[in-house]
Every structure is written in C-alpha cells, then in structure tokens.
There are 2 protein chains.
Amino acid sequence: MQTIEQLLESKNIRVTAMRLLIYKFLAEKQVAVTLSDIENAFDKADRTTLYRTVKTFEESTIVHQIDDGTGITKYALCEKGCNCDIETDLHLHFHCNNCNETVCLTEHKIPQIKVPNGFISEDINLVVKGVCDKCSGL
Amino acid sequence: MQTIEQLLESKNIRVTAMRLLIYKFLAEKQVAVTLSDIENAFDKADRTTLYRTVKTFEESTIVHQIDDGTGITKYALCEKGCNCDIETDLHLHFHCNNCNETVCLTEHKIPQIKVPNGFISEDINLVVKGVCDKCSGL
DNA sequence: TTATAAATGCACTTCCGTTGCATTGTATTT
DNA sequence: AAATACAATGCAACGGAAGTGCATTTATAA
C-alpha cells in the first residue's frame with residue numbers, strides 16, 4: 001500500500017498540497033466528477049489549477065476522462081486494474097438520467113465490437129444511460 | 001417513395017424553404033455534421049434557425065444526435081430502419097481520428113450490454129474511434 | 001383579407017475549455 | 001543559507017458552442 005505521495009513521485013509528478021487535496025477528493029467520490037464539482041469543493045482554488053492538475057493526472061493515467069454525453073467532461077480515478085490506455089481493457093460507464101451522476105462500471109468490460117472492413121478500431125467509448133441503483137430503488 | 005414535403009407533413013412539421021434546404025443538406029452528407037457545418041453551408045441563414053430546425057427534426061426522429069466525444073454535437077439523418085428512439089435498435093458510430101469525420105454504422109447493431117442489479121438501461125451510446133476506411137486505405 | 005400562430009433573425013447570455021502571463025512556490029546548486 | 005532555475009499557481013481573458021428572449025416576418029386558417 002503506497003501513499004499518494006509515493007504514487008505521484010513514481011509518476012514524476014511533483015507533490016503539492018493542491019494535488020494531494022484534489023487526489024483525495026477524487027478518491028472519496030464514488031462517481032465521476034466535473035471540473036466544476038471540484039471547483040465547488042475547493043472554493044479557494046482557481047479553476048485553471050484544477051484544470052491543469054486533472055490534466056496532469058490524466059497524462060500519467062492517474063485519472064481518466066469520461067464523456068457521458070452530458071456535454072461536460074467528467075473525470076474519475078483509475079483503479080488498480082484500470083489500464084484505461086489499453087483498448088482491450090476498457091470498462092463502460094453508466095449515466096443516471098435521474099440524479100445525473102456517472103459511475104464507472106469497472107468490472108463490466110466492453111464486449112468485442114466488430115467494425116466493417118477498412119476501419120481500424122483504436123478506442124471505444126460506451127455509455128449506458130438510464131436509472132442507477134440508488135435511484136431505481138431495486 | 002415520398003417527397004421531403006410529404007415526410008415533414010406526416011410528422012406535423014410545417015414545410016418551409018429553410019427546412020427543405022437543411023434536410024437536403026443532411027441527406028447529401030454521408031457523415032454526421034455539426035451545427036457549424038450547416039452554418040457554413042448556408043451563410044445566409046442564422047445559427048439559431050439551424051439550431052431550432054435541427055432540434056425540431058430531432059424531436060420528430062428525422063435526425064438523431066451523435067455525441068462522438070469531440071465535444072461538439074453532431075447530427076445525422078435517421079435512415080429508413082433507424083428507429084433511434086428504440087433502445088434495442090441502436091447502431092454504433094465511428095469517429096475517425098484522422099479526418100475527424102463521424103459516420104453511422106447503421107448495419108452494426110450494439111450488442112446486448114449487461115448492467116449490474118438495480119441499474120436500468122434506457123439508452124446506449126457507443127462510439128468507436130480509430131481510422132476510417134477512407135483514411136486507412138485498406 | 002384578416003386573424004392567429006409558428007418560423008425566422010438578431011442580440012445577448014451562459015457555460016466550459018483553454019491559453020498567456022505574471023507571481024508564487026519548490027527543488028537544486030553553489 | 002543564498003541564489004538560481006524551473007515548475008505550480010492564480011488572474012485575466014478569449015473562443016466556441018449551446019441556449020434564450022424578443023421583435024419581425026412568414027405561413028396557415030377562419
């Protein structure tokens with residue numbers, strides 16, 4: 001079990017107070033968050049800093065970006081087995097039309113998708129929309 | 001074979017010159033287009049008109065919206081068997097990272113996606129990214 | 001033809017993503 | 001410890017796209 005500091009250092013990311021706070025915030029959240037979500041959580045911080053911090057995390061595959069169709073980019077921490085840079089390991093995302101939250105269904109891998117001849121698949125984005133478990137009451 | 005006028009009338013959409021032009025533009029295009037694409041094609045028309053026209057078309061399932069992950073909403077005409085309002089008939093979209101074009105792969109249906117207990121699937125968005133047939137040269 | 005309602009055009013706002021630049025903070029070298 | 005170099009942060013601003021309010025024009029119906 002490594003600390004956040006060790007994780008950042010292992011990725012050659014300088015450890016700062018802001019980055020630790022943002023990482024912890026993402027780790028606590030069980031859902032994908034927008035930049036505005038983070039901004040609201042730290043009203044002292046500037047949007048640009050958050051933006052660039054998340055971008056830094058993204059480039060080092062600490063977080064991955066989620067496009068859930070709301071038009072607003074969301075972010076979530078990569079998990080241990082995330083490997084979100086490898087195509088064959090993509091998981092799907094679920095967006096709840098009721099509470100507007102998006103969660104990673106990490107254990108649900110995307111099935112093999114066939115594309116026509118001549119097309120080369122490099123990346124797949126799959127978002128299922130509907131009602132989440134918290135809202136459905138099932 | 002019905003005319004565009006008949007199609008619009010059958011959907012209770014008033015036939016106007018602008019709407020006919022926009023419909024024809026979409027019909028000619030083999031790829032999904034953005035609002036700006038339409039705007040550039042008719043520099044006489046106002047963006048708001050295009051925006052609302054496409055929205056009208058969308059509500060009557062004449063066009064469907066595509067979120068290909070570029071951050072810009074795209075639109076494409078629904079085809080005969082499109083039924084894009086029915087979940088089980090969703091097709092996938094392919095976005096080319098090279099030419100930046102997005103096409104509907106209408107014949108490629110989305111496979112059944114399993115979601116965890118408590119989750120209710122209502123809609124699925126699947127975008128495959130890579131290199132299209134025109135760019136791959138295969 | 002007139003009355004009614006919808007379609008269009010213009011102006012404007014908001015939101016998000018993004019960048020430039022000055023300032024602050026961190027790390028490294030002397 | 002002081003000086004240097006560089007990265008992180010904060011501020012301001014820009015640009016693109018979506019969306020709205022309202023006045024005007026156009027089309028349908030009485």
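Keep in mind that this is a model prediction, so the values were computed, not measured. In the text below, chain A, chain B and the rest are named by the order of the sequence lines, each starting its count at 1.
- In the set D/dC11, C/dG17, D/dT20, the nucleotide with an atom closest to the side chain of B/Lys55 is D/dT20.
- Within the nucleic acid shown, A/Thr53 comes within 4.0 Å of sugar-phosphate atoms alone, with no base atom in reach, counting heavy atoms only.
- Distances from the side chain of A/Ile72 to the nucleotides D/dT9, C/dC16, D/dA18 place C/dC16 closest.
- Regarding A/Leu8, its CG atom lies at a distance of 15 Å from the C1' atom of D/dA7, rounded to whole Å.
- With hydrogens and angles ignored, a donor-acceptor pair closer than 3.5 Å exists between the side chain of A/Thr48 and the base of D/dC11.
- Remark on DNA chain D: of its neighbouring residues A/Thr16 and B/Arg47, the 5'-side contact belongs to A/Thr16, judged by nearest-heavy-atom nucleotide.
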Item checked: side-chain hydrogen bond (donor to acceptor under 3.5 Å, both in side chains) evaluation trace for A/Ser136 with A/Asp133 -> CA-CA 5 Å; A/Ser136 74; A/Asp133 54 346; over 6 Å; no

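- Here A/Thr34 lies out of heavy-atom contact (under 4.0 Å) with every strand.
- When the side chains of ILVMFWY residues are joined at heavy-atom separations under 4.5 Å, either directly or via intervening members, A/Ile72 and A/Val63 end up in two distinct hydrophobic clusters.
- Nearest heavy-atom pair, B/Leu138 versus A/Gly118, reported as atom, atom and distance to 0.1 Å: CB-CA, 4.0 Å.
- Phosphate contact (OP1/OP2 of D/dG10, side-chain N/O of A/Thr49, threshold under 4.0 Å): present.
- Rounded to an integer number of Å, the gap from CD of A/Glu5 to C1' of C/dA27 is 17 Å.
- The interatomic distance linking B/Met18 (CE) with C/dA6 (C1') rounds to 16 Å, in whole Å.
- Closest contact between the side chain of B/Tyr51 and the listed nucleotides D/dA18, C/dC10, C/dT26 involves D/dA18.
- The interatomic distance linking B/Phe57 (CZ) with C/dT8 (C1') rounds to 14 Å, in whole Å.
- Which of D/dC11, C/dT26, D/dT9 sits closest to the side chain of A/Arg14 comes down to C/dT26.
- Among the heavy atoms of the strands lying under 4.0 Å from B/Ser36 are primed sugar atoms or P, OP1, OP2 only; no base atom is included.
- Ring centroid separation for the pair A/Tyr75 and A/Phe57 does not come in under the 6.0 Å cut-off.
- In this structure, B/Leu20 atom CG and C/dA7 atom P are separated by 13 Å, rounded to whole Å.
- Residue A/Asn12 contributes atom CG, which lies 17 Å from atom P of D/dC6 at whole-angstrom precision.
- Rounded to an integer number of Å, the gap from A/Ile13 CD1 to D/dA8 P is 9 Å.
- Under the side chain to side chain contact (heavy atoms under 4.5 Å, CB included) rule, A/Arg19 has a single partner from A/Thr49, A/Thr53, A/Ile4, which is A/Thr53.
- In the set D/dG21, D/dC11, D/dT9, D/dC11 carries the atom at the smallest distance from any side-chain atom of A/Asp46.
- Atom pair A/Arg52:CZ and C/dT19:C1' shows a separation of 7 Å (rounding to whole Å applied).
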